[in-house]
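In what follows, a structure is listed as structure tokens, so that the remarks can point back to it.
All values derive from a computational prediction rather than experimental measurement.
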Amino acid sequence: MHDAELLLLVLMLAVGALSILAVVAGVPYPILLVIGGLLLGFVPGVPAAELPPDLVLVLFLPPLLYQAAFFVSPRELRADTRTISLLAVGLVLATMVAVAAAVHALVDGMPWSAAFALGAIVSPTDPLAATTIARRLGVPRRLVTVLEGESLVNDATALVAYRLAVAAVVTGSFTLWEAGVRFVAGGLGGIAIGLAVGWLITEARRRLDDPVTEIILSVVTGYAAYLPAELAGGSGVLAAVTAGLYVGWRAPRIASATTRLLGFSFWEVLVYLLNAVLFVLVGLQLHPILGRLGERSAALVIGVAALVSVVVIAVRIAWGFTVPYLVRAVDRRAAQRVRRVGARPRLVMGWSGMRGAVSLAAALALPLETSGGRPFPERGLIVFVTFAVILVTLVLQGLTLPALIRRLGVHADGDEESEELRGRLRATDAALARLDQLAEADWTREDTVERLRGLYQFRRRRLKARAGYVEDDGYQDRSLAYQRLVRELLDAQRLAIVQLRDQGDISVDVMHRIERDLDLEDSRLEI
């Protein structure tokens, strides 16, 4: 068996086994996947996994960024624009400077430009870890929104700073005003391309009524925004995020019910697989990385890795307890005072800064030589430290974050449940109003209208009872009993069609069509 086939087999088995173990252990799956990949890398016979950086940035990043942005509310992002901007730009640059200063002081012969490159590599939080772990930890929705918004944008800041630092190492020159212009122009260019691609995709999907084609277009969207932006010198990250935000906001008006059902299921599986493979590959990188450390002593290498890990964690926590209070002293508007959060949520935010595969890809993408033909200074050390920071932040913070949340009592409030009840009530009222309008139509029947009116009126009373607007006169118990009865009947129907298939009375295709209708009816039940 060739190394490629063996590596693929190892990846698939590792993803499956570690995913099951994560569910059994109740641990967020990226943590176990990274640790499992790390251990697999030292198993005799397992081929070395050389992770092509361009493959990570081009193959994995666009769809993951697009999907994460698709489900983020632009309204909520806009409400926390200042907080997200400070984290995604200010904190990234502050972390980069702090890491560069620490490494330059500790490692003899480390040029400032190479130190800044390392700082830029480890400064952004990982968009995958933030969106796959934070949602599972029960923190308030606003904190999750800020974490998602930060992780979606801070890669753009870090990658621009990274390219400037690498260019300074390779060419030996750096101009501040040129760097500033490239930073701003790249961001604006990425946003413009993302908006254009989002509009084009939306207009194309508006004219389609084929779920499979629309889902394929949704996968293409991230690449269609990311690649042109990168080729044009803009921010591919911001382009993919902008396209995801635009299409996600317009999707309810352009997608059919079938497309939404199939699309949500497809993306849930695709994102999980992409995340799983990526995190295992991150773990498998350590073995080949160790061979590139050169002549540096183990004590120095481990010391630098520990120092940088402490710095990235400490700077984030310190930022959360200093900069927001300085901003408060300047901006004392009543609207901003209402949105202030206390020390406990800030500590949770500070402890949520996991790093991931994008940082490792950036480290591996460092050139081997400068323009003068000399080796890139401390390239092996930079790559190892990057992996160590990913491992420390993902495992240490990821494993202890749930306990910290429970200890601090930072839990989601009831706003989301209240919003859901209001939304269901408004939808029910709209159905009753439309039913009254259609009652006089020639094609409606009086008995059918009355039956549906009774159904929706009962639903409205039940929702009002759940919301506390009216006294619960047994509406909820009766509804649950009804749903239980319906599910029993659906199970009986499923068993009947399976028996018909087994007897050869109906084909498999017919069974699946009937089964799909039963499943759709089942999915509408609330229990």
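Within a 6.0 Å sphere centred on CG of Asp491, heavy atoms belonging to other residues, nucleotides or ligands number more than 12. At most 12 heavy atoms of other shown residues, nucleotides or ligands fall within 6.0 angstrom of atom CD in Glu268. Counting heavy atoms of neighbouring residues, nucleotides and ligands inside a 6.0 Å radius, atom CD of Glu446 does not exceed 12 of them. The neighbour count for Glu440 CD, taken as heavy atoms of other residues, nucleotides or ligands under 6.0 Å away, does not exceed 12. A 6.0 Å sphere centred on CZ of Arg426 holds no more than 12 heavy atoms belonging to other residues, nucleotides or ligands. Atom CZ of Arg344 has 12 or fewer heavy atoms from other residues, nucleotides or ligands within 6.0 Å. Other residues, nucleotides and ligands contribute over 12 non-hydrogen atoms within 6.0 Å of the CZ atom of Phe266.
Taking 4.5 Å as the limit, every side-chain heavy atom of Tyr456 sits out of range of all side-chain heavy atoms of Asp429. Contact check for Thr259 versus Arg205: side-chain heavy atoms found under the 4.5 Å cut-off. Here the side chains of Leu490 and Gln493 are in contact, with some heavy-atom distance below 4.5 Å. The shortest side-chain heavy-atom distance between Val146 and Leu77 does not fall under the 4.5 Å cut-off. Ser359 places a side-chain heavy atom less than 4.5 Å from the side chain of Pro124.
The structure places CG of Asp210 at 10.5 Å from OG1 of Thr258, a figure rounded to the nearest 0.5 Å. For the atom pair CD1 of Ile201 and OG1 of Thr221, the computed distance is 4.0 Å after rounding to the nearest 0.5 Å.
Of the charged side-chain nitrogens involved, none lies within less than 4.0 Å of a carboxylate oxygen, so that Asp519 and Arg516 do not count as a salt-bridged pair. Under a 4.0 Å N-O distance rule, the pair Asp80/Arg75 does not qualify as a salt bridge.
With hydrogens and angles disregarded, a donor-acceptor distance shorter than 3.5 Å links the side chain of Arg207 to the backbone of Glu203.
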Full working for side chain to side chain contact (heavy atoms under 4.5 Å, CB included) between Val312 and Ser123:
CA-CA 7 Å; Val312 298; Ser123 59; over 6 Å; no
For Glu150 and Arg316, run salt bridge (charged side-chain N to carboxylate O under 4.0 Å, His left out): C-alpha distance rounded to whole Å, both residues' side-chain angles, the deciding distance at 0.1 Å, then the answer.
CA-CA 12 Å; Glu150 173 198 5; Arg316 183 177 179 86; 2.7 Å; yes
Evaluate side chain to side chain contact (heavy atoms under 4.5 Å, CB included) for Val486 paired with Leu489, printing each intermediate quantity in order.
CA-CA 5 Å; Val486 171; Leu489 299 179; 5.5 Å; no
Might you work through the side chain to side chain contact (heavy atoms under 4.5 Å, CB included) test for Ser265 and Val269, ending with a clear yes or no?
CA-CA 6 Å; Ser265 299; Val269 174; 5.8 Å; no
Intermediate values then yes/no, side chain to side chain contact (heavy atoms under 4.5 Å, CB included), Tyr482 and Arg487
CA-CA 9 Å; Tyr482 167 79; Arg487 180 159 282 129; over 6 Å; no
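The cationic atom of Arg453 (NZ for Lys, CZ for Arg) does not lie both less than 6.0 Å from the six-membered ring centre of Phe458 and within 45° of the ring axis.
Between Glu214 and Ser218, the side chains place no donor N or O within less than 3.5 Å of an acceptor N or O (distance only, hydrogens not considered). Using modelled atom types, one finds no donor on one side chain facing an acceptor on the other under 3.5 Å when comparing Arg460 with Gln457. Under the 3.5 Å distance criterion, with hydrogens and angles disregarded, a donor-acceptor pair is assigned to the side chains of Thr125 and Asn154. Checking Arg462 against Ser479 by side-chain atom types alone, a donor-acceptor pair falls below 3.5 Å.
Aromatic ring centroids of Tyr66 and Trp267 lie under 6.0 Å apart. Remark: aromatic rings of Tyr246 and Phe70 are distant, center separation not under 6.0 Å.
Across every non-hydrogen atom of Ala225 and Ile193, the tightest pair is O-CG2, 3.8 Å.
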